[in-house]
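Order of listing sets the numbers, starting from 1, for every ligand and every atom in it.
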Amino acid sequence: MISIETTIFNKKFSNCLMNASGVKCMTIEELSNLKNSESGTWITKSCTLSPREGNPSPRYVDLKLGSINSMGLPNLGFEFYLDYVLTEHEMGNDNLFFSIAGLTLENNIKMLTQIENSDFQGLVELNLSCPNIPGKPQTGYDFERTEEVLKKVFSFYTKPLGVKLPPYFDMVHFEMIAEIINKYPIQFVTCINSIGNALYIEDESVVIKPKSGFGGLGGAYVKPTALANVRMFYKLLRKNISIIGCGGVETGRDVFEHILCGASMVQVGTQLMKDDVKIFSKLSSDLKEIMKSKNYTSLSDFKGKLKEL
Ligand code: OXC
């Protein structure tokens with residue numbers, strides 16, 4: 001029997017695959033599709049305190065090797081998603097992720113205070129890395145600010161929480177952010193968010209409207225960067241912090257590589273957008289095939305065991 005079950009914090013998931021926040025998880029209908037899919041769990045669209053329309057369209061374009069987006073956090077607002085996760089709780093499901101992306105630290109604190117005081121027993125993913133809000137820097141690239149946010153959050157928040165990080169590219173930056181994260185009772189990191197502010201051109205024009213065409217890159221373009229981030233955080237973070245890998249997952253082989261680098265769970269973004277939730281059955285069976293060919297029966301047989309020369 002080949003198992004692809006995994007654990008994050010004290011929660012067991014029968015399948016190590018889920019959606020990346022932002023992809024097909026904004027409305028009740030989309031969230032129900034995820035729930036009824038073969039994914040091991042799912043996460044809600046990163047929400048802000050108030051509902052948002054997001055950036056003007058076109059704001060998401062599929063590319064041959066991935067995608068570019070500048071959605072700008074369109075979402076139905078915190079109350080909507082809190083209601084949603086509490087309804088799931090009432091139905092006995094606490095194995096899901098709630099993503100929040102306040103536009104200010106104060107807004108994040110307001111949302112987390114309500115979550116803390118609610119019956120929610122799932123996992124919160126605090127998004128510190130949306131690249132698409134004009135005028136708002138990505139918190140994860142500002143180390144002092146990140147520390148300030150975490151200090152404030154953990155001065156009162158006691159439920160399981162993880163952070164979604166932007167991609168890092170410099171060894172010193174990996175060490176600096178890991179040192180900060182290791183100081184706090186963080187349960188998981190999700191890496192990576194899209195590679196921010198890329199520029200894609202067709203004919204003589206940009207392809208998305210917001211920010212003069214600059215947007216977050218996803219898909220095959222970003223896989224090597226995503227794997228590097230998963231690997232570095234697997235090495236640098238406390239062993240009880242789980243890594244959720246995200247970036248460039250199109251095939252079972254990509255899932256396998258994320259786990260080999262140290263991921264406990266793997267999120268799917270661009271390919272979920274392209275193929276819808278049926279991607280989860282394909283990725284699961286492809287991953288199991290690969291494991292079978294290597295005589296692996298569980299993720300722990302190869303998780304983090306990337307060979308070095
Ligand atoms: N990352 C995010 O965190 N958010 C979305 N896009 C992205 O690449 C968005 O809503 O813009």
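- In terms of protein heavy-atom proximity, atom 4 (N) of ligand 1 is closest to C130 SG, 3.4 Å.
- Checked by atom type and distance alone, the side chain of R253 never pairs as donor or acceptor with a backbone atom of L287 at under 3.5 Å.
- Taking the six-membered ring where tryptophan is involved, the planes of F188 and F97 are perpendicular, since the angle between them exceeds 60° and thus also 30°.
- Of the protein's non-hydrogen atoms, the one nearest atom 1 (N) of ligand 1 is N193 OD1, 2.8 Å.
- When ring centroids are compared, H173 and F143 come within the 6.0 Å threshold.
- A parallel orientation is assigned to the rings of F78 and F98, their planes being inclined by less than 30° (bins at 30° and 60°).
- The protein heavy-atom contact nearest to atom 6 (N) of ligand 1 is N69 OD1, 3.0 Å.
- When only non-hydrogen protein atoms are considered, atom 10 (O) of ligand 1 lies nearest to L73 N, 2.7 Å.
- Compare Q138, K164, M71 by their heavy atoms: the one nearest to atom 9 (C) of ligand 1 is in M71.
- Ring geometry for Y296 against F302 counts as parallel: the plane angle stays under 30°, on a 0 to 90° scale with 60° as the upper cut.
- The contact set between ligand 1 and K45, taken as ligand atoms under 4.0 Å from a residue heavy atom, comprises 5 (C), 9 (C), 10 (O).
- In the vicinity of N132, heavy-atom distances shorter than 4.0 Å reach the ligand 1 atoms 5 (C), 6 (N), 7 (C), 8 (O), 9 (C), 11 (O).
- Considering both main-chain and side-chain atoms, N127 comes within under 3.5 Å of ligand 1 through a nitrogen or oxygen pair.
- Residue-to-ligand polar distances place G72 within reach of ligand 1: an N/O pair is separated by less than 3.5 Å.
- The main-chain N or O of C191 is never found under 3.5 Å from a side-chain atom of K164 such that the two would form a donor-acceptor pair.
- Classification of the F233-F174 ring pair by plane angle, with boundaries at 30° and 60°, yields perpendicular.
- Taking the ring axis of F154 as reference, the NZ or CZ atom of K183 does not stay both within 45° of it and closer than 6.0 Å to the ring centre.
- The nearest protein atom to atom 8 (O) of ligand 1, hydrogens excluded, is given as S194 OG, 2.7 Å; this is a heavy-atom distance.
- The residue I133 has no part lying near ligand 1, judged by heavy-atom distances below 4.0 Å.
- Counting heavy atoms closer than 4.0 Å to ligand 1, residue P131 contributes side-chain atoms (C-beta onward) but none from N, CA, C or O.
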